[in-house]
2 protein chains.
Amino acid sequence: MIHLEWYRIFLHAARTGNLTKAAQELYITQPSVSYAIKQMEQALSLKLFHRLSKGVELTEEGKALLAYVEQSFALLDAGERKMSQLKDLTGGELRIGASDSLFKHFLFPYLDKYHKQYPEVRIRLSHGKTSEITQRVKEGTVDFGLIHLPTAEDPLLTIQAIMTLQDCFVGGEAYRDKAVLPLTAHDLGQFPLLLLSAGSSTRRFAEHWFSQQNVTIQADIELGSIDLLIEFAKLGLGVAFVSKSYVTQELADGLLYELKPTVAIPTRYIGIAARRDTTPSLAAAKFHEMLMADMPALVT
Amino acid sequence: MIHLEWYRIFLHAARTGNLTKAAQELYITQPSVSYAIKQMEQALSLKLFHRLSKGVELTEEGKALLAYVEQSFALLDAGERKMSQLKDLTGGELRIGASDSLFKHFLFPYLDKYHKQYPEVRIRLSHGKTSEITQRVKEGTVDFGLIHLPTAEDPLLTIQAIMTLQDCFVGGEAYRDKAVLPLTAHDLGQFPLLLLSAGSSTRRFAEHWFSQQNVTIQADIELGSIDLLIEFAKLGLGVAFVSKSYVTQELADGLLYELKPTVAIPTRYIGIAARRDTTPSLAAAKFHEMLMADMPALVT
DNA sequence: TCATGATATAGAGCTCCTTTATGGGAAGGT
DNA sequence: ACCTTCCCATAAAGGAGCTCTATATCATGA
C-alpha cells in the first residue's frame, strides 16, 4: 500500500526536480525525501526518477504518475479550501424550509440581516406545508424548518417555539364603524371573508376557531399570498384573517381596522424544527443564533 | 497540515458510517479511527461527523469534503492502476525515432514481434533525419533512436552499434554480364545511378565513397523510398545503391545482379541512440532487450 | 435491567519516519 | 589537475505520533 504522504513528497520532488529543494519546501531533510521516494519506488516496483548529477528528473512512468497525483492533490486542496470557507462562513449554504406565509413576514428581515453579514453563504429556501417541512428536516434536505405550532411530536426532531403569533380580523375603511365593539364569530362569518388558500395552517386555524363556535364559514375570496389578502382588505373587499404583526403599519395608518371578536383568538406559536442528534452546519448554527438573539423568552 | 493518511480513514468512515467497520476494513482498531477523525476535525476545526448512537453520519461539511476526497482518491487509484500497467507492460507506450529507411527494412519485424508480445503497449514511431532523431532522444520525446553510424558524439547520448550494414550496387537483367568482374568507381559512375534523395545519410555515404575515388557522380533517378529504388533497378532503369540485406531475395531469385566494385564499400553500422544517465521506460527497455537478443556481438 | 453495539479516552508500546553524519559522483571554476 | 560546490544515497540513532489494549460511557432494544 502506498503511504499517501509519499505522494506529497513525490509531488514536490517532481515539481522542483531537486530532492534537496523539495525537502526544504516540506520542512524536512533531504534524506527523508530520498527515503520516501525510495519507498515509493519499491512499492510500485518501478523507477520514478532518473538521478542526474544536477538533480532528479521524472521517468516516463513518473511523468504518468505525476499527472494523476497533481490532479488528485488539486482536488484535495480545493476540498480544504472549501472546508475553510465553510468554517468561517465565507461559503457554504443555509437551507431553510418554512410554511409559506412565514418567509415574507417573519423570516425575511432575518434573512436579509444574515445575508448582509455573511454574503458568501448561499441561502436556499423551500416552502411547503408543515408536514413537508418537517419531512425535509428529517431527511437533512434543509438545515431547519420554521412551522406553525402545534405540530405532531417526532422522536427525530427537536421543536422549539420561538415566537408568538396573534391573529386578527381586519377590514378596510368600510369596516371602520364595525371595529368599535366586539363581534361574535357569527357576525364575522357574515362578512365577505378573505382567507388564505385551503391547506395552509393559518386557514385551518381560522376554520377551527369558527367551528368551535359552531359557525361554518366559506371564504369569499381565497388567496395564496398574505400580501394580496391585505391589499384586498384595504380595498374594502372584505375581512381578512391575518397575523396582527403583518398589519401593524396599516392599523396605525388607519388603512385597516381591527374587528375584535368576543371570543379571543388563541395565540399561536411559530416553532423551529431541527434534527435531534445532529449538530447543524455552521452556516445554520449562525442563523439560528441570530434568530434566537431577537426572540423574547418563551415557555415551551 | 492535514495528514493525508487521515483522508483514507475519513473515506472509509464516511462510506460505512461506522467507525468500527471502517477500522476493520483498514485492518486497524477502532480507537485508531476515532483518533484520526478527531485529529482531522481539529485540523480543519470543524465537525465532520455527527456521532449517533448507531454509528456516525456526515455533517454537511463532511459531505462536502467527501465529494472532494472521493474524486481525489479515485484519481490516485487510477494512477496506481496505470503504474501497474506500465510495470507489466499492459499499458504505456514505446516511442522510437529512426532514419526513414530503417523502419521498413530493419525495424519492422521487431516492432511486429513486440506488438504481438505486448499488444497493450502503444507504439509511436517518428522518422526524420539523423540529427532530428538524436535531438528527439535528447529531449526525451522518443525513448531511443535508430540511426546510421557514424554520427557526432554527444555527451548526453549513448550510441551503440547494433548491426552492420553492407551496401552494394545492384542492377537488373541488363547488368547480368557486368556483374562478373569487379568494376571501378569510375565504371560504376557511368551507369545511370538510382540513389536515395539528397539529405539521406545513405546518399551522403555513397557520394562520399565515389568522391574518395575522385569520381563525381550525379543521380539519374533520385527517390525517397528504397522500395522504389529496388523496383526501378529490377526494371533495368539503372544501378541502385542499397543495403545488401534489402535485396537478398532479389539477388537469390536472379531479379537483380550485384556489381562488385574494385574498392570495397566500407561496412556501415546501424546504431541505437539513447539518453545517457536515464533508465529507459520499461516498455522501451523491453524492446531494446528484444532487439539486442537478436544482434550479433559487435565491437563498438 | 441487562445485553448489545457504538464511540471516546487513557496510557503504554512500537513502528517507521526523521534526523545527523558521512560518502561519493559529477560539474564547474581556478 | 585540483579544489569546491551541489546533489543524492546510505547508515545508524532517535523520537514523534500512530496504534494498540483496556476501559468508560452512552443509547437502544429486549
Side-chain angles (χ1 to χ4, degrees), chain A residues 1-43 46-59 62 138 153-158 275-279, chain B residues 1-43 46-59 62 138 153-158 275-279:
Chain A
M1 175 95 75
I2 306 265
H3 191 83
L4 290 174
E5 208 60 25
W6 294 345
Y7 280 126
R8 196 200 298 278
I9 296 177
F10 167 74
L11 196 60
H12 282 260
R15 283 179 174 160
T16 60
N18 181 314
L19 301 195
T20 309
K21 276 211 188 73
Q24 286 166 357
E25 289 180 1
L26 293 162
Y27 302 104
I28 55 179
T29 57
Q30 170 266 315
S32 221
V33 174
S34 258
Y35 177 77
I37 300 291
K38 192 177 195 177
Q39 293 290 315
M40 207 167 163
E41 289 184 329
Q42 280 177 3
L46 45 81
K47 277 190 67 175
L48 295 171
F49 291 97
H50 298 302
R51 272 64 168 185
L52 309 179
S53 63
K54 42 179 29 175
V56 293
E57 190 185 74
L58 286 169
T59 59
K138 284 194 276 187
E153 286 277 320
D154 192 308
L156 289 176
L157 298 177
T158 52
R275 274 186 72 171
R276 192 184 294 279
D277 288 335
T278 70
T279 314
Chain B
M1 176 95 76
I2 306 264
H3 191 83
L4 290 174
E5 209 60 27
W6 293 346
Y7 280 126
R8 197 198 299 277
I9 296 178
F10 167 75
L11 196 60
H12 283 259
R15 282 178 174 161
T16 60
N18 181 312
L19 300 195
T20 309
K21 278 214 188 70
Q24 287 166 358
E25 288 180 2
L26 292 162
Y27 302 103
I28 57 179
T29 57
Q30 170 265 316
S32 224
V33 175
S34 258
Y35 177 77
I37 300 292
K38 191 177 195 175
Q39 294 289 315
M40 211 169 158
E41 290 184 328
Q42 281 176 5
L46 47 81
K47 279 190 66 175
L48 294 171
F49 292 98
H50 297 302
R51 272 66 167 185
L52 308 179
S53 63
K54 43 180 29 175
V56 292
E57 190 184 74
L58 284 170
T59 58
K138 285 192 276 185
E153 285 278 322
D154 191 305
L156 290 176
L157 299 176
T158 52
R275 274 186 70 174
R276 187 184 297 278
D277 291 335
T278 70
T279 315

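What you see is a predicted model; the values in this text were computed from it and never measured. Numbers restart at 1 for each chain; the letters A, B, ... are given by sequence-line order, proteins then strands.
- Legend: residues meeting side chain to side chain donor-acceptor pair (under 3.5 Å) with A:S32, ordered by chain and number and at least two apart, are absent.
- Sorted by first then second residue, the salt bridge (Lys or Arg N to Asp or Glu O under 4.0 Å) pairs that include residues 8-28 of chain B, not counting sequence neighbours, are B:E5-B:R8, B:R15-B:E70.
- A salt bridge (Lys or Arg N to Asp or Glu O under 4.0 Å) check over residues 26-42 of chain B, counting only residues at least two apart or in different chains, returns the pairs B:E41-B:R51.
- Put simply, NZ on B:K47 and CD1 on B:I37 are 12.5 Å apart, with the number rounded to the nearest 0.5 Å.
- B:L46 contributes atom CG, which lies 7.0 Å from atom OG1 of B:T59 (distance to the nearest 0.5 angstrom).
- The NZ atom of A:K138 sits 3.5 Å away from atom CG of A:D154, with the distance rounded to the nearest 0.5 Å.
- Applying the ring-ring contact (aromatic ring centres under 6.0 Å, His included) test to every pair with at least one member in residues 7-36 of chain A, sequence neighbours left out, gives these pairs: A:F10-A:F49.
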All N/O contacts under 3.5 Å from nucleotides 12-22 of chain D to the protein, with atom names and distances to one decimal?
{"residue": "D:dC18", "atom": "OP2", "partner": "B:Y35", "partner atom": "OH", "Å": "2.9"}
{"residue": "D:dT19", "atom": "OP2", "partner": "B:S32", "partner atom": "OG", "Å": "3.3"}
{"residue": "D:dT19", "atom": "O5'", "partner": "B:S32", "partner atom": "OG", "Å": "3.2"}
{"residue": "D:dC20", "atom": "OP2", "partner": "B:T29", "partner atom": "N", "Å": "2.6"}
{"residue": "D:dC20", "atom": "OP2", "partner": "B:T29", "partner atom": "OG1", "Å": "2.8"}

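- For DNA chain D, the neighbouring residues in residues 13-26 of chain A, judged by any heavy atom under 4.0 Å, are A:N18, A:L19, A:T20.
- To the nearest 0.5 Å, atoms CG (A:L19) and CD (A:Q30) are separated by 6.5 Å.
- Contacts of A:K54 classified as side chain to side chain donor-acceptor pair (under 3.5 Å), with partners at least two apart in sequence or in another chain: none.
- Distances shorter than 4.0 Å separate none of the side-chain N or O atoms of A:R51 from OP1 or OP2 on D:dC7.
- Each of A:K54 and A:K38 lies near DNA chain D, and the nucleotide nearest A:K54 is the one positioned closer to the 5' end.
- Partners of A:T16 according to the side chain to side chain donor-acceptor pair (under 3.5 Å) rule, which considers only residues two or more places apart in sequence or in another chain, do not exist here.
- Protein chain A contacts DNA chain C from C:dC17 to C:dA27, reading 5' to 3' and using non-hydrogen atoms of the protein with a distance under 4.0 Å.
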